[in-house]
Amino acid sequence: MDLTPKEIVKYLDDYIIGQNDAKKTIALALRNRYRRMQLSAELQEEIMPKNILMIGNTGVGKTEIARRLAKMMNLPFIKVEASKYTEVGFVGRDVESMVRDLVFESVSLVTKEYEEKIQESIDLDITRQIVEKLVPPLPKSATTEAQESFIKTYNKMEQKVLSGEIDDRKIEIELPKRAKIEIVDSNISMDFSSMQESLNQMLGGLNKDKVKKEVTIKDARKLLRSETSEKLLDHESIKLEALKRAQDGGIIFLDEIDKIASGKSNQNQDPSKEGVQRDLLPIVEGSTVTTKFGQIKTDHILFIAAGAFHVSKPSDLLPELQGRFPLRVELNALDEEALYQILTHTKNSLLTQYKALLEVEGVNLQFHDDAIHAFAHLSVAANLKAEDIGARRLHTVIEKVLEDISFDADEKSGQTIEVTKELVYEKLENIVEHEDTARYIL
């Protein structure tokens, strides 16, 4: 992934309004990963990623930045909530499981890439298997004339299969008997994981029978794909590439990190929260984690932590953990203009989504500009009166206005419905004005 910082920011600008500092910091962190990979192996070992701590209210774009990065990059990426982990020794997920999750994600990503590379070979093999069911091979003792006739028939049938002309014809195919359901749990310890792997292999070896199924050619293509790709893929190469990619390019987005902060100022100190922080330290600093696919070093995995820090503050985290996140970015609260921009300038904005949904019913939905301003104004007002949930308030406000229109959409097919400022205020003004009502309805 060799996008420049400007290109990364430009991509994020299509989906996230403002928050330029956060975009810039993340773009630089990603670019530095690319720069590091171009250096000598000796120097690569010395350059550690600068982990990032994002601080900002809920709904300002912390998680959205992570979500968009995951789509944009061809790197192993996982998003986890810090609050779901428990200290080692307690019942629950231990922090090492996030690294195992990253490796699973990496294997999945690399397998998909390898499948795309051999897509043609997979398709050819599937076609061959289907044609052989329709035109069984001749015995070796067949005459030359019979062989020539067979080749002509075979080629004709192959053309029909490829063109989809006989997709509805039924054939009998053989599939491996699924005698087991493989459980993939990244949270179990490696001793148990090895035992589970051995058990899976033993159960798989017990039943090598194949079951016969009569299906259409169209369905046969789908059913044979899994087995054929399994047969043609180089699983050892996939495993090695996946481990390398997770180790050198993996990114773990650690959300809700403020929920595990328990500083001196916090009256309700929870010892298990501090335990989770202590368990996180070696993972973030760099240690070796054993996974089902092999060992992985966490030294060069980039950690991006995010939290609202309403109740606690970053200084409530353990000093050692604070030091592992040297880059800090504060995301700004969203004002009325920012919410208006979110509705009008982002790719696939909420308004575009609602228009597309109602177009399915044949309704043409139009939003007046002053109505969009009203959405933004009332969302800010509701955020001030109740909890500030940022851009998420737009979902609630727009849904409340469009509720009746959406409910009766099937009766209004072919009509154009205009959403005006008056309609928005008629539906919402009284709710927003009364603080108690706003708390429960918006």
Side-chain angles (χ1 to χ4, degrees), residues 16-29 48-67 69 78-88 90 92-95 98 251-286 298 301-335 338-339 380 382-393 439:
I16 299 143
I17 297 296
Q19 314 304 3
N20 293 323
D21 289 346
K23 290 175 188 171
K24 197 173 172 183
T25 304
I26 283 176
L28 279 172
M48 297 296 172
K50 306 290 186 291
N51 297 322
I52 302 163
L53 177 62
M54 295 202 290
I55 305 157
N57 293 341
T58 183
V60 296
K62 301 187 299 294
T63 311
E64 186 64 10
I65 287 174
R67 199 165 70 87
L69 281 176
I78 58 156
K79 175 186 169 291
V80 294
E81 274 75 38
S83 51
K84 76 178 179 183
Y85 295 101
T86 54
E87 190 180 353
V88 171
F90 287 75
R93 292 176 70 86
D94 70 278
V95 292
M98 70 173 75
I251 297 173
I252 294 178
F253 187 88
L254 199 57
D255 210 356
E256 311 286 5
I257 198 162
D258 55 317
K259 305 297 185 289
I260 60 164
S262 56
K264 290 171 186 172
S265 59
N266 196 337
Q267 296 301 307
N268 303 318
Q269 282 196 33
D270 184 348
S272 71
K273 283 183 179 179
E274 204 165 297
V276 174
Q277 290 183 60
R278 278 197 303 270
D279 292 344
L280 266 175
L281 274 174
I283 301 287
V284 178
E285 186 180 3
T298 65
I301 292 173
L302 176 67
F303 289 86
I304 303 172
F309 291 99
H310 285 308
V311 180
S312 53
K313 48 189 185 292
S315 58
D316 289 336
L317 292 166
L318 289 177
E320 298 92 332
L321 191 60
Q322 289 178 50
R324 304 290 183 270
F325 290 90
L327 303 182
R328 292 196 184 177
V329 188
E330 201 158 335
L331 285 85
N332 310 315
L334 301 172
D335 57 14
L339 291 178
V380 169
N383 276 342
L384 288 171
K385 287 195 187 302
E387 288 294 323
D388 184 356
I389 58 168
R392 291 193 179 96
R393 185 73 67 188
R439 278 182 188 279

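Since we're looking at a predicted model, the values are computed, not measured. In this chain, residues are counted from 1 in sequence order.
- Asp335 meets the side chain to side chain contact (heavy atoms under 4.5 Å, CB included) test with Glu337, Ala338; sequence neighbours excluded.
- Residues meeting the side-chain hydrogen bond (donor to acceptor under 3.5 Å, both in side chains) test with Lys23, sequence neighbours left out: Asp13.
- Residues satisfying the side chain to side chain contact (heavy atoms under 4.5 Å, CB included) test with Asn383, not counting sequence neighbours, are Asp388, Ile389, Arg393.
- Not counting sequence neighbours, Glu330 has no partner by the salt bridge (charged side-chain N to carboxylate O under 4.0 Å, His left out) test.
- Qualifying side-chain hydrogen bond (donor to acceptor under 3.5 Å, both in side chains) partners for Glu64, counting only residues two or more places apart in sequence or in other chains: Arg67, Arg68.
- Remark: Leu317 CG to Gln277 CD distance equals 5.0 Å, nearest 0.5 Å.
- In summary, of the residues considered (Lys79, Met98, Glu81), a side-chain contact (heavy atoms from CB on, under 4.5 Å) with Phe253 occurs for Lys79 alone.
- Residues meeting the salt bridge (charged side-chain N to carboxylate O under 4.0 Å, His left out) test with Asp258, sequence neighbours left out: none.
- Proximity of Glu274 to Leu321: side-chain heavy atoms (C-beta onward) are nowhere separated by under 4.5 Å.
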| request: List the steps, then state whether side chain to side chain contact (heavy atoms under 4.5 Å, CB included) holds for Leu280 with Ile260. | output: CA-CA 11 Å; Leu280 266 175; Ile260 60 164; 3.8 Å; yes
Identify each donor-acceptor pair in which a side-chain atom of residues 49-61 lies under 3.5 Å from a protein atom, sequence neighbours left out, and give them as a table.
{"unit_1": "Asn51", "atom_1": "OD1", "unit_2": "Phe303", "atom_2": "N", "d": "2.9"}
{"unit_1": "Asn51", "atom_1": "ND2", "unit_2": "Arg324", "atom_2": "O", "d": "3.1"}
{"unit_1": "Thr58", "atom_1": "OG1", "unit_2": "Arg392", "atom_2": "NH1", "d": "2.6"}

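- At a threshold of 4.5 Å between non-hydrogen side-chain atoms, the residues Phe309 and Ile257 count as touching.
- Atom CD1 in Ile304 sits 5.5 Å away from atom CD1 in Ile251 (nearest 0.5 Å).
- Asn332 CG to Ile17 CD1: the interatomic distance, rounded to the nearest 0.5 Å, is 13.0 Å.
- Residues Leu254 and Val284 are not in side-chain contact: their nearest non-hydrogen atoms beyond the backbone lie 4.5 Å or more apart.
- Applying the salt bridge (charged side-chain N to carboxylate O under 4.0 Å, His left out) rule to Lys259 yields the partners Glu256; only residues at least two apart in sequence or on another chain are considered.
- Annotation: side chain of Gln322 is in contact with side chain of Arg328 (closest heavy-atom distance under 4.5 Å).
- Between the CD1 atom in Ile26 and the CG atom in Leu327 there is a gap of 10.0 Å [rounded to 0.5 Å].
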